[in-house]
Engineer: 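Structure incoming, see below.
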Amino acid sequence: MSTPDNTIKVTSLGNVAEILPYLLGHYPDDSIAFHCPGPDFVDGPTMTCPLPDDPAEWPQTAKTAACNFIHYAQSQGGTPDQGIIVYLCREPQTGETAEDTAARLMPLADHIADVLHDHRSYVLQTLGLIDNRWWAFTCLTEGCCEGDPLPSPHDPDSVTAQMARLGRTPGPRTRDIIKEFQATTDLELLKDLHTTAIRFNRQRATAAGRDATLARTLNQIDAAMSGFRAGATVLSRALTAQLIAGLQDDAAVEAGIAHAEDDDLPHARRLWAYLARHCAEPFTQKGVPLLTLFAFVAWRQGDLIAARLALRDAITTDPDYEWATGIHLGTIDGDDPREFLASAREGRAHRMAHLQHAVQIASEYRPTTDTTADRFREALDAATSRHDDQVLTEQEWLLARHSTIDIVNGALADFRNGRPQLMDETAARIILGLQDRQTRDAALPTGDESDLPYERQLWGYLARRCVPPHTEKAPPLLTLLGWAAWRQGDTTTASHAFAEALAIHPGYTLAELLLEGIRNECDPARILATNRNEATRFAATRPDPDTP
């Protein structure tokens, strides 16, 4: 191994064993490591692969890793056909001696040799590194090369001593590197995360809800980064749980990647590691985006070892997570992470512009999330229970439809008179009544333009009351609101409202037809004329209260 002014001598199998953490930049606990030596021994491709806890998985793991290394070595200009050094790193398990571990690894060494031979490569040496001792599995002499201690750093010929003279130290162990981002159990935080995740999923049940939660998450990321720039090392439990839940959205992860400018790298690394450490079982899956963000920052810092270890955990947990697999491929292919950063910043800017507009529009009809949400939910729970228990005759249905329209007209009168508040029971009664298609059609705004602001206000007011788990009741209200907005010439809000109705109830026919009408630039006057005719026919069906 040469440097401009110095040469490291690797003259024994002990030297080959002890050089591994210098070769890789770290010591890979419980792993298989491959090295294809170059002219100076170290200047050749290397690769590591985690060794699973279950020995039953070792043969397939070894086969996959060996094949991948051959292809990788060839792509890097290596010559695996001229020999590969294999390292099997494993620490003794509880109740196991180093000799026991070596005995368990020996069949694996033979298996790897067979796989490499089948692919026209061969093993120069297979070394087992166990408990600071080494075994040469390719040595067939009984009692030889079995459990020798690694060369002492006090031996002037050891690699460690030679490196020390050059001012170099061995790379850290994997288990020490992963402590930075490895999850640890915080029972109180796990309780908060469970509750937050449920609330987060409820709020994201609609397109408007997804926009609102994303906008909030982006603001929380900015706030957390500001705190860590100022020296913070922890977040409140509430904010920690909210960020972990919010970063399950790929768009939020993209925004997180955008916080990887040069000056932000140390702070971003601490933030993502902090959040990843809070994703213990049963929320390991939620740690995948955080590990990916940590890995991206480490990659930007040139710390490929930490980046790949974090990506290893992320991809092991979720092999289909595209951000992790994309970044992992980038680290392997030698891509410039600044290209990822530039793309993420562009995407974040575009999304922010969209969100500001969409969230502002959706505030008119997005379900309430403040302290009144529980009250609205209870009112709808009670009204739904009563409604579901009813078995009505055709005549009773007709009476119910007209009754709902009468209540709607009364509510509109209140809104015109400046009293835009309805009793919870009245609001729930209207919401349930409008689930009926004929009642909804009879409620379509057909009056003068001067009435439209009050009708629009009423439908938005009622839509905001459709809190989870009653979100599926919102499409009629959203469609009525959208129609009122279209009649006012506000096609932007109308389109958003119709699209929201369809996001909740795909195939909701009236919303689909009206949205198509806007896209085709239809004249709403023609639809209005049809609505008025239908309203007249509906009014004529009002039953005589004296008729049994």
Engineer: Quick check: does any side chain N or O of Q162 sit under 3.5 Å from a backbone N or O of D157, one acting as donor and the other as acceptor?
Structural biologist: yes

Engineer: State whether the number of non-hydrogen atoms from other residues, nucleotides or ligands found under 6.0 Å of R165 atom CZ is greater than 12.
Structural biologist: yes

Engineer: Counting C-beta onward and ignoring hydrogens, is there a side-chain heavy-atom pair between L193 and I244 closer than 4.5 Å?
Structural biologist: yes

Engineer: Testing the 3.5 Å rule here: is there a donor-acceptor pair between the side chains of T64 and Q60?
Structural biologist: yes

Engineer: From I178 CD1 over to H26 NE2, what is the distance, rounded to the nearest 0.5 angstrom?
Structural biologist: 10.5 Å

Engineer: Can you name the closest pair of heavy atoms from L20 and A33 and give their distance?
Structural biologist: CD1-CB, 4.2 Å

Engineer: Determine which pairs satisfy side-chain hydrogen bond (donor to acceptor under 3.5 Å, both in side chains) with at least one residue from residues 97-124, sequence neighbours left out, and list them in order.
Structural biologist: E96-T101, E96-R104, T97-D100, E99-R133

Engineer: Do the side chains of R269 and E180 get close enough for a salt bridge, i.e. N-O under 4.0 angstrom?
Structural biologist: yes

Engineer: Donor-acceptor pair, R270 side chain versus F228 backbone, under 3.5 Å?
Structural biologist: yes

Engineer: Can you confirm whether T126 sits close enough to I112 that some side-chain heavy atom of one is under 4.5 Å from a side-chain heavy atom of the other?
Structural biologist: no

Engineer: For the CG atom of L23 and the CZ atom of F41, what is their distance to the nearest 0.5 Å?
Structural biologist: 6.5 Å

Engineer: Can a donor-acceptor pair be found, under 3.5 Å and without considering hydrogens, that links the side chain of D30 to the backbone of P50?
Structural biologist: no

Engineer: Would D211 and R366 satisfy salt bridge (Lys or Arg N to Asp or Glu O under 4.0 Å), going step by step from the backbone distance to the final call?
Structural biologist: CA-CA 10 Å; D211 285 340; R366 186 176 62 247; over 6 Å; no

Engineer: Show me the donor-acceptor pairs within less than 3.5 Å that the side chains of residues 321-335 make with the rest of the protein, sequence neighbours left out.
Structural biologist:
residue : atom : partner : partner atom : Å
T325    : OG1  : Y321    : O            : 3.3
T325    : OG1  : E322    : O            : 3.1
T331    : OG1  : H328    : O            : 2.6

Engineer: In terms of side-chain geometry, is the basic nitrogen of R173 or D176 positioned less than 4.0 Å from the acidic oxygen of its partner?
Structural biologist: no

Engineer: Assess whether a salt bridge exists between R277 and D186, defined as any Lys/Arg side-chain N lying under 4.0 Å from an Asp/Glu carboxylate O.
Structural biologist: no

Engineer: Parallel, tilted or perpendicular for W299 and F296, by the 30°/60° rule?
Structural biologist: perpendicular

Engineer: Identify the heavy atoms of V86 and F34 that sit nearest to each other, and give their distance.
Structural biologist: CG2-CD2, 4.0 Å

Engineer: Give the minimum heavy-atom separation between A245 and T196, together with the two atoms involved.
Structural biologist: CB-CG2, 4.0 Å

Engineer: Enter the distance from T138:OG1 to Q125:CD here, rounded to the nearest 0.5 Å.
Structural biologist: 3.5 Å

Engineer: Using a strict threshold of under 4.0 Å (side-chain N to carboxylate O), is an ion pair present between D264 and R229?
Structural biologist: yes

Engineer: Looking at D222 and R348, does any basic side-chain N land under 4.0 Å from a carboxylate oxygen?
Structural biologist: yes

Engineer: SG of C279 to CG of D313: how many Å apart, nearest 0.5 Å?
Structural biologist: 12.0 Å

Engineer: Is the distance between the ring centroids of Y365 and H496 under 6.0 Å?
Structural biologist: no

Engineer: Apply the test salt bridge (Lys or Arg N to Asp or Glu O under 4.0 Å) to residues R345 and E261: give CA-CA distance (whole Å), side-chain angles for both, the deciding distance (0.1 Å), then the verdict.
Structural biologist: CA-CA 10 Å; R345 292 190 66 193; E261 297 289 358; 2.7 Å; yes

Engineer: T61: what forms a side-chain contact (heavy atoms from CB on, under 4.5 Å) with it, not counting sequence neighbours?
Structural biologist: C49, P52, E57

Engineer: If I take atom CG from residue L243 and atom CD from residue Q248, how far apart are they, to the nearest 0.5 angstrom?
Structural biologist: 11.0 Å

Engineer: Could you give the distance from CG (L129) to SG (C89), rounded to the nearest 0.5 Å?
Structural biologist: 4.5 Å

Engineer: Please enumerate all residues that pass side-chain contact (heavy atoms from CB on, under 4.5 Å) together with A503, with sequence neighbours excluded.
Structural biologist: A207, R210

Engineer: Verify whether one side chain among T11 and N15 offers a donor that lies under 3.5 Å from an acceptor in the other.
Structural biologist: yes

Engineer: Are there more than 12 heavy atoms of other residues, nucleotides or ligands under 6.0 Å from atom CG of D54?
Structural biologist: yes

Engineer: Can any side-chain N or O of S343 pair as donor or acceptor with the backbone N or O of E339 at less than 3.5 Å?
Structural biologist: no

Engineer: Would you please name every residue forming a side chain to side chain donor-acceptor pair (under 3.5 Å) with Q220, sequence neighbours left out?
Structural biologist: Q242

Engineer: Is it true that the side chains of S363 and Q360 contain a donor and an acceptor less than 3.5 Å apart?
Structural biologist: no

Engineer: Would you mind listing every ring-ring contact (aromatic ring centres under 6.0 Å, His included) that reaches into residues 170-217, with sequence neighbours excluded?
Structural biologist: F181-F294

Engineer: Short question: side chain of S158, backbone of A161 - any donor-acceptor pair under 3.5 Å?
Structural biologist: yes

Engineer: Quick one: does any side-chain atom of Y274 pair with a main-chain N or O of V234 as donor and acceptor, under 3.5 Å?
Structural biologist: no

Engineer: Do C67 and V115 have side-chain heavy atoms sitting under 4.5 Å apart?
Structural biologist: yes

Engineer: Using modelled atom types only, decide if a donor and an acceptor are shared between the side chain of R377 and the backbone of P468 within a distance under 3.5 Å.
Structural biologist: yes

Engineer: Could you tell me whether the side chains of T160 and E18 share a donor-acceptor contact shorter than 3.5 Å?
Structural biologist: yes

